Amino acid sequence: SDKEVATIQILMSDTGGGHRASANALRDAFNVLHETEPSRYPLPIHCDIVDIYTDYGVFPYNQYVAAYKFMAEYTFLWKWVYESGATPLGLWMYDFVLELLCFGTFKECLSRNPLNINKNDKRADLVVSVHPLCQDLPLKILTSLDTNGISRKEGRTTPFVTVVTDLGGAHPSWFHERVDKCYVPSDVLRNAALDRNVNESKIVQYGLPIRRGFWRFGADYSSGAPEKQDEAAEMAGVHHKPTIRQQLGLVDLPTVLIVGGGDGMGGIVSQAKAVGERLQKLAVSSSSSYQMVVVCGNNKSAQATLSPPQMQWGDNIKVRVEGFVNNMDEFMRASDILVTKAGPGTIAEASICGLPCILSSFLPGQEEGNVPYVVDNGFGCYKGSPEGIADTVEEWFASTATTTEGSMLERMRDCALTAARPDATLDIARDLAEMLYARRAEREKGTKERAPVAAAA
Ligand code: UDP
């Protein structure tokens, strides 16, 4: 029957890996809720995840993904675009021109029913945006659809929520006063939403939606998703490091993990070389050994440069070089220190794993605020040069060897776990599922009330 599946459309664009990752995480959370708590979440929820700019934007909007990759390399360009788009005029202009060029094509997107499920429902029961540029126009279109073209401002009945996937800073275009709910991961972003006139009652703060592997270490969801947090360290799997290392084919040694973001950007080769050299020296001087894992993401040339035969690391340290990995949760849980660019997803994941961070770079604008997020929460620092990163790795490992009670790394691990929000994805999904069920119930009631009139006519 047509009541068997509910639909949520998730609007995003593949500018950076984080938006789709968050959308997929929410999709998985809906599935887990339905499978493990069927009495509370009886309807399966189908997520229609769409890169609305690539698939429905007209030129040049359908070129965002390539433009973003380009600008992420030439950050001065990115900085200019980001900052001019954050002024009142820039914000207004963006929405104005986008509406002018894409109202019709975006409307096709918001009207679509890709699986042709629920033949009576032409479109999604609820719309979620996980992207800073998917608020204003989709809201106008939904209102227009709900009011049969009478209004673009008032009378929307399809719920619309924003789930912010940035962490310590966010572009003002994330926040729109007409959304029904706005999910933010941090105090800074809560204030940013308030500054943009989002009503306090609409702002909900759980955390970033993160992929399932990071939700809860060793949790068994088959008997229902647990509601309360377990003992934090246990949850992060920090006592399971030797086992996880073994499963990954790593050695049980102090381990530094270097990650270059989804696309492997951010000078990963020079960082790995500097850290590798330093660990060699440290190994000799302290007659112990260390391990370095380098995850190059999609950066094939970095992977080749850092692997044999091009690179020989010597016998004093163990080195593992990977391309794109799908089990980042395991690699993080196997490590003691993370070196990464200041991506929001990666930082939130590291925090859940109790992993101290050395931030090596950030995109001006939205990633800038992630540096104070990490520093103020006490689980890391920013070092812009390979030498600075190597110095810090040495300092942190040395402190472990010398202090007896609570080494620097242990203190930072505890701070990371305090800041962690491993339940955020399920919390957000629960809220959205309830909103969706309420909306369907309302609509059914409306149909029933209208039905006799229609019959009489
Ligand atoms: N990632 C991954 N495998 C890799 C490299 C990265 O799964 O080999 C993931 C990482 O765990 C994180 C995401 O890619 O979830 C990167 O997101 P982030 O928000 O840190 O940065 P973005 O790429 O969105 O700028």
Side-chain angles (χ1 to χ4, degrees), residues 12-28 51 64-65 67-73 75 78 82 130-133 163-171 174 185-186 189 207-215 248 257-268 271-272 293-303 306-307 320-335 338-353 355 357-371 373-374 380 420-422 424-425:
M12 45 77 66
S13 185
D14 285 310
T15 50
H19 304 294
R20 190 175 290 275
S22 295
N24 289 342
L26 287 173
R27 177 201 58 202
D28 293 346
D51 182 336
Y64 266 179
V65 174
Y68 179 83
K69 273 199 185 130
F70 185 78
M71 288 190 289
E73 290 287 334
T75 45
W78 174 254
Y82 189 92
V130 293
H131 197 278
L133 300 176
V163 178
V164 180
T165 65
D166 276 316
L167 189 58
H171 198 274
W174 270 111
S186 64
L189 295 202
L208 268 193
I210 295 290
R211 143 169 58 118
R212 185 172 174 165
F214 290 98
W215 292 354
L248 288 170
L257 171 65
I258 305 184
V259 176
D263 293 319
M265 295 174 290
I268 193 169
Q271 291 160 19
V293 179
V294 190
V295 172
C296 301
N298 296 317
N299 191 339
K300 292 259 177 341
S301 92
Q303 192 184 356
L306 295 172
S307 307
R320 169 93 157 260
V321 180
E322 293 277 339
F324 192 91
V325 301
N326 285 313
N327 51 345
M328 188 62 89
D329 51 315
E330 293 172 329
F331 278 103
M332 284 194 186
R333 286 184 168 125
S335 305
L338 174 70
V339 179
T340 176
K341 74 156 190 131
T346 307
I347 291 171
E349 291 163 0
S351 160
I352 289 171
C353 297
L355 190 57
C357 299
I358 302 171
L359 303 176
S360 56
S361 68
F362 56 84
L363 265 185
Q366 87 268 32
E367 287 186 351
E368 231 166 293
N370 297 340
V371 175
Y373 178 87
V374 167
R421 297 288 173 266
T425 318

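It should be emphasised that the depicted structure is a prediction, and the values quoted were computed from it without experimental measurement. Just follow the structure's listing: the first ligand is 1, and inside any ligand the first atom is 1.
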Proximity flag M332 to ligand 1, non-hydrogen atoms under 4.0 Å | no

Who pairs with E330 by salt bridge (charged side-chain N to carboxylate O under 4.0 Å, His left out), at least two apart in sequence or on another chain?
-> none

For N370 and A342, indicate whether the former's side chain and the latter's backbone hold a donor-acceptor pair under 3.5 Å.
-> yes

Could you walk me through whether K341 and L359 pass the side-chain contact (heavy atoms from CB on, under 4.5 Å) check?
-> CA-CA 5 Å; K341 74 156 190 131; L359 303 176; over 6 Å; no

D329 meets the side chain to side chain donor-acceptor pair (under 3.5 Å) criterion, sequence neighbours left out, with none

Under 3.5 Å, N or O to N or O, is G17 touching ligand 1 that way?
-> yes

Look only at interatomic distance and state if N326 has a nitrogen or oxygen under 3.5 Å from any nitrogen or oxygen of ligand 1.
-> no

Can you find a non-hydrogen atom of K341 under 4.0 Å from ligand 1?
-> yes

Please confirm whether A348 comes under 4.0 Å of ligand 1, counting heavy atoms of the residue only.
-> no

G345 N/O to ligand 1 N/O under 3.5 Å = yes

Close approach, E367 and ligand 1, non-hydrogen under 4.0 angstrom = yes

Could you label the plane-to-plane angle of the H19 and W174 rings as parallel, tilted or perpendicular, counting under 30° as parallel and over 60° as perpendicular?
-> tilted

Determine whether the side chain, the backbone, both or neither of E349 has a heavy atom under 4.0 Å from any heavy atom of ligand 1.
-> side chain

Would you say M328 and ligand 1 have an N/O pair spaced under 3.5 Å apart?
-> no

Within a distance under 4.0 Å of any heavy atom of T346, pick out the atoms of ligand 1 and give their elements.
-> 10 (C), 12 (C), 16 (C), 18 (P), 20 (O)

contact_flag G297 ligand 1 heavy-atom lt 4.0 Å | yes

What's the shortest heavy-atom distance between Y64 and S13, and which atoms?
-> CB-OG, 4.4 Å

